[in-house]
Amino acid sequence: MSELQCYLNKHFLNKAQFAAACAISEAELNDLLTAQILPGPSYVVSGKATINSAVFGESDVTDTVAGDYFRDCHTVWCDRAKQLVAGHGWAAAPEMMKQEFLRDYIAALTELNTSTWHLQDCFAADGTVNMTGLTENAELHWKHFLLGTFGICTANPVSATDIARKGVLQEKLSHLTANGSRTEFSAAEAREILPVVDAFAEVAMWFSPAEYARSSRKRLVDDMRPRLQAAMAA
């Protein structure tokens, strides 16, 4: 079994497994996906030996089982989708799911803007909301929610708050390190940045062998930590 398949087996479920974990049929799962109320598969492995994701596109693979792979913890979102459909019907439920996500995501960004990192495209320096920027940011994240993107890159994508925290920490760390390209730091800078690296490492996914070399985890955590530690020891 390939290293990639081991990774998929550890963190993801194929379509039949995911439907079973959600206590629904595959046909019911298809209905939820078609209604755009549920994250789609994070990875699609084809019979032509390729793996495709919304983040990294298509990559060649070997010794990997074809299928749609859903993040195992996305059963949380399926449970909520089923509740909304049962309580409000198919016509209303998808928009309700979207508005819940947007509400929680925007609330999280508002708090993180104060506590973690100033989001210049969403808030003015005094905290005043830039409605255009905030709305565009939230809508983009809803789009990626439906694509299954956060199953790829976020360690615990079970709430809009968790998704927002990972994104804000990545934005902060990217700014402080020139997106991982910086190689020189003073000891004081290293002491300031290393806790951000540690915080980001907790919320970022490990990434599969097919994309790890291009991942934020490699660039902002595994490559960055030794540089910062060396600067602190100098």
Side-chain angles (χ1 to χ4, degrees), residues 1-19 26 29-30 32-75 77-78 98 101 105 121 136-158 160 162-175 177-181 197 200-201 203-224:
M1 184 183 298
S2 67
E3 187 179 0
L4 172 59
Q5 189 64 52
C6 289
Y7 181 87
L8 293 173
N9 290 348
K10 182 176 182 179
H11 300 291
F12 296 83
L13 301 171
N14 65 33
K15 194 170 192 177
Q17 292 169 332
F18 186 68
E26 287 190 57
L29 174 57
N30 287 337
L32 291 170
L33 294 170
T34 300
Q36 293 195 306
I37 193 174
L38 189 66
S42 296
Y43 294 106
V44 177
V45 179
S46 77
K48 297 180 180 179
T50 62
I51 187 169
N52 193 287
S53 78
V55 178
F56 295 97
E58 190 173 86
S59 305
D60 294 332
V61 295
T62 58
D63 194 21
T64 305
V65 179
D68 294 350
Y69 288 86
F70 295 78
R71 185 69 184 275
D72 50 7
C73 61
H74 279 175
T75 53
W77 295 111
C78 190
K98 177 181 179 179
F101 179 91
Y105 178 78
D121 60 335
E136 288 177 354
N137 185 304
E139 289 283 350
L140 178 63
H141 280 73
W142 172 251
K143 175 183 176 181
H144 280 286
F145 171 84
L146 293 176
L147 290 172
T149 298
F150 303 117
I152 297 169
C153 62
T154 306
N156 196 39
V158 297
D162 291 323
I163 290 167
R165 178 168 172 75
K166 186 266 179 184
V168 170
L169 282 168
Q170 181 169 342
E171 187 169 328
K172 179 177 183 178
L173 194 53
S174 295
H175 178 85
T177 67
N179 199 26
S181 66
V197 172
F200 179 68
V203 298
M205 196 59 172
W206 299 272
F207 291 91
S208 80
E211 69 232 355
Y212 171 75
R214 297 173 286 167
S215 72
S216 58
R217 183 163 199 104
K218 180 181 186 300
R219 184 174 66 254
L220 299 176
V221 178
D222 298 336
D223 289 348
M224 190 55 56

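Counting begins at 1 with the first residue of the sequence.
With rounding to the nearest 0.5 angstrom, the CD1 atom of Ile163 is 14.0 Å from the CZ atom of Arg165. Taking CG from Asp60 and OG from Ser46, the interatomic distance works out to 9.0 Å, rounded to the nearest 0.5 Å. Atom CG in Asp68 sits 12.5 Å away from atom CG in Leu13 (nearest 0.5 Å). Here the OG-CE distance, from Ser181 to Met224, works out to 7.5 Å after rounding to the nearest 0.5 Å. Within the model, atoms NZ of Lys166 and CE of Met205 stand 11.0 Å from one another, a figure rounded to the nearest 0.5 Å. To the nearest 0.5 Å, the span separating OH on Tyr212 from CZ on Phe56 amounts to 11.5 Å.
Of the possible polar contacts, none joining the Trp206 side chain to the Tyr7 backbone as a donor-acceptor pair under 3.5 Å is found. The backbone N or O of Ser2 sits less than 3.5 Å from a side-chain atom of Asp63, completing a donor-acceptor pair. With hydrogens and angles ignored, the 3.5 Å screen pairs no side-chain donor or acceptor of His144 with any backbone N or O of Leu140. Between the side chain of Gln5 and the backbone N or O of Val65, at least one donor-acceptor pair lies under 3.5 Å.
When every heavy atom of Ile152 is checked against every heavy atom of Ser53, the shortest pair comes out as CD1-CB, 3.4 Å. Looking at every heavy atom in both residues, Pro39 comes nearest to His74 through CB-ND1, 3.6 Å. Residue Arg219 comes nearest to Arg214 through the heavy atom pair NH1-O, 3.6 Å, listed as atom of the first residue, atom of the second, then distance. The two atoms that bring Leu220 and Ser174 nearest to each other are CD1-OG, 3.8 Å, heavy atoms only. The nearest pair of heavy atoms linking Ala155 to Ala204 is CB-O, 3.7 Å. Considering all non-hydrogen atoms of both residues, Thr64 and Leu8 come closest at CG2-CD1, 3.9 Å.
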Practice task
Might you work through the side-chain contact (heavy atoms from CB on, under 4.5 Å) test for Phe150 and Arg71, ending with a clear yes or no?
Solution key: CA-CA 9 Å; Phe150 303 117; Arg71 185 69 184 275; over 6 Å; no
Exercise for the section: Check the pair Glu211 / Lys218 against salt bridge (charged side-chain N to carboxylate O under 4.0 Å, His left out), numbers first and verdict last. Expected result: CA-CA 10 Å; Glu211 69 232 355; Lys218 180 181 186 300; over 6 Å; no
Handout entry: Working for side-chain contact (heavy atoms from CB on, under 4.5 Å), residues Ser216 and Phe207
Key = CA-CA 9 Å; Ser216 58; Phe207 291 91; 3.7 Å; yes
Problem - Glu58/Lys48 under side-chain contact (heavy atoms from CB on, under 4.5 Å): CA gap, chis, key distance, verdict - result: CA-CA 11 Å; Glu58 190 173 86; Lys48 297 180 180 179; over 6 Å; no
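By the 30° and 60° cut-offs, the orientation of the rings of Phe145 relative to Phe101 is tilted.
Val158 pairs by the side chain to side chain contact (heavy atoms under 4.5 Å, CB included) definition with Cys73, Val76, Asn156, Asp162, not counting sequence neighbours. Partners of Thr177 by side-chain hydrogen bond (donor to acceptor under 3.5 Å, both in side chains), not counting sequence neighbours: none found. A search for side chain to side chain contact (heavy atoms under 4.5 Å, CB included) contacts involving Val221 returns Val197, Phe200, Ala201, Arg217, Arg225, not counting sequence neighbours.
Annotation: Phe70 is in aromatic contact with Phe18 [ring centroid separation under 6.0 Å].
Side-chain atoms of Glu26 and Asn30 form no donor-acceptor pair, as typed in the model, at a separation below 3.5 Å.
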